Amino acid sequence: MRSVWIWIFTLTSLTAMAQQEPNYEESKVPAVVLPDIFLSEKGKWIRTIEEWEKVRRPEIFQLFESEVYGKIPKDFDSMNFEKVKESLNPYPESADLEEINITVRRNGKYHTMRVNLFLPKSGKGPFPVILLINYLPKYPDGKLVDESFWPVKKLIERGFATASFHAETVAPDLTESYQQGIISTLYPEQIGQPNGLKAFGAWGWAAMRAMDYFEQHPQIDSKKSVLVGHSRTGKTALWTSANDPRWAITYANESGCGGAAISRRKYGETVEAINRRFPYWFADNFRKYNEREEALPLDQHMLPGLIAPRAVYYSSAREDRWADPKGEYLGLSLGSRVFSEIYGKKAVFEQEFEALSGPVHLESVGYHIREGKHDLTWEDWRIFLEFVSKTYKE
Ligand code: GCU
């Protein structure tokens, strides 16, 4: 009897494991039927900027907020900026380093977060600024200087100011403790809400506070601001920009599931897999779609349109199958219809994913795929910066 039970148990666990095995075969991708970006909930076809901005965009925004990412609260009582000196400037020749503590108060409580900003010493400001949302554990508390992941020196040489904060300055990247930052201190009423503030929303909130700092800085041209995220913070960057129109260019590198990639393809990481491992990233409502991607009232191709007409850039790495490079490309190429059909930009991706041979830099939307693994590399930055120069010239 005992061996029968063991046998049944093993069989059940094997079946469960088999279900969780990621799919990496294109032939096994289900036939995907996507909700139409331009069909309003009342069944009206959306054609003009006015209809888009008054009707369809708010509908799509509301769906992402309630079903995928959760809210980013915008209210607080006060905020103040304090410059501190804790670290040595690694580039004293070419840049000034500002370490800023931003303290935000709400309902008698406060939270302090840290932003590190490098400003070029040569050239005449105000400078365009690039903000990177960092989450790498080996660089705690925003003290990241890594010439590949965050190539400060090269960005400064090219005339940009550049800043970074660590995700954990507002919400730890862990299931057990993600609330131990702004969520429990400043916005406790969000806890337990099915569409409430979670870690991505908290990190996006922090990017907004960095932008508040840039806006009042005489040496920064905040109208030319770039928000950059890799992987989990690429997902965050997209949602942040959908919430905050102050970012001129948004760059999501290898953001994959719940970011750039179409969820319904179920290639690589799935909604179930991401919610199981990272239950604190997205709104609780997102779990309704575990193994039920078809039931989503939206898909990730609708996300770039929430940022339009401001520029959006995606990139992928060939070996990063977990993030579904083809799904990322499809997400942007379908999403760019808002840029071309509503805002009249030259933003039509003409190539199939399989035929791509180099970067595609269109008007306000761009994409590249490089060889190699999941990472944010200098090659990614270099190609992206070509898109930035082109966009700022237009
Ligand atoms: C995990 C996760 C991805 C995420 C990645 C990262 O692999 O499953 O969704 O993008 O971590 O942030 O590096």
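For clarity, every value in this text was computed on a predicted model and none was experimentally measured. Order of listing sets the numbers, starting from 1, for every ligand and every atom in it.
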(request) Give the numbers and elements of all ligand 1 atoms closer than 4.0 Å to a heavy atom of Ile274. (result) 9 (O)

(request) Check each of Ser231, Gly229, Ala323 against atom 5 (C) of ligand 1 and report the one with the nearest heavy atom. (result) Ser231

(message) Within this structure, what is the CE-CH2 distance for the pair Met211 and Trp247, rounded to the nearest 0.5 Å?
(response) 4.0 Å

(request) Check whether any N or O atom of Glu254, backbone or side chain, sits under 3.5 Å from an N or O atom of ligand 1, and answer yes or no. (result) no

(request) May I ask you to check whether Tyr251 and Phe387 place their ring centres under 6.0 Å from each other? (result) no

(message) I'd like to know if Glu352 and Lys326 make a salt bridge, using a cut-off of under 4.0 Å between side-chain N and carboxylate O.
(response) no

(request) Go through ligand 1 atom by atom and flag the ones less than 4.0 Å from a non-hydrogen atom of Phe278. (result) 1 (C), 2 (C), 8 (O)

(message) Under 4.0 Å between a side-chain nitrogen and a carboxylate oxygen: does that hold for Glu386 and Arg382?
(response) yes

(message) Tell me the protein heavy atom at minimum distance from atom 9 (O) of ligand 1, and give that distance in Å.
(response) Glu269 OE1, 2.6 Å

(message) With a cutoff of 4.0 Å, is His374 in contact with ligand 1, counting heavy atoms of the residue only?
(response) yes

(request) Could you tell me whether ligand 1 has any atom less than 4.0 Å away from a heavy atom of His230? (result) no

(message) Quick test: of every protein heavy atom, which one is nearest to atom 7 (O) of ligand 1, and how far off is it to 0.1 Å?
(response) Trp322 NE1, 3.1 Å

(message) Suppose we screen for ring-ring contact (aromatic ring centres under 6.0 Å, His included). Which residues come up paired with Tyr178, at least two apart in sequence or across chains?
(response) Tyr280

(request) Report, in ascending order of atom number, the atoms of ligand 1 lying under 4.0 Å from any heavy atom of Arg277. (result) 8 (O)

(message) Parallel, tilted or perpendicular, judged at 30° and 60°: which one describes the rings of Tyr289 and Phe286?
(response) tilted

(message) Taking the six-membered ring for Trp, are His368 and Phe384 closer than 6.0 Å centroid to centroid?
(response) no

(request) Name the closest protein heavy atom to atom 12 (O) of ligand 1, giving the residue it belongs to and the distance to 0.1 Å. (result) Arg232 NE, 2.6 Å

(request) Find all atoms of ligand 1 within a distance of less than 4.0 Å from any non-hydrogen atom belonging to Lys235, and give their numbers and elements. (result) 3 (C), 4 (C), 9 (O), 10 (O)

(request) Can you sort out which atoms of ligand 1 are near Tyr135, meaning under 4.0 Å from one of its heavy atoms? (result) 6 (C), 12 (O), 13 (O)

(message) Is it the case that ligand 1 has an N or O less than 3.5 angstrom from some N or O of Trp281?
(response) no

(request) Any chance you could measure Ile156, atom CD1, to Phe118, atom CZ, to the nearest 0.5 Å? (result) 7.5 Å

(request) Would you check if the distance from the ring center of Trp239 to the ring center of Phe200 is below 6.0 Å? (result) no

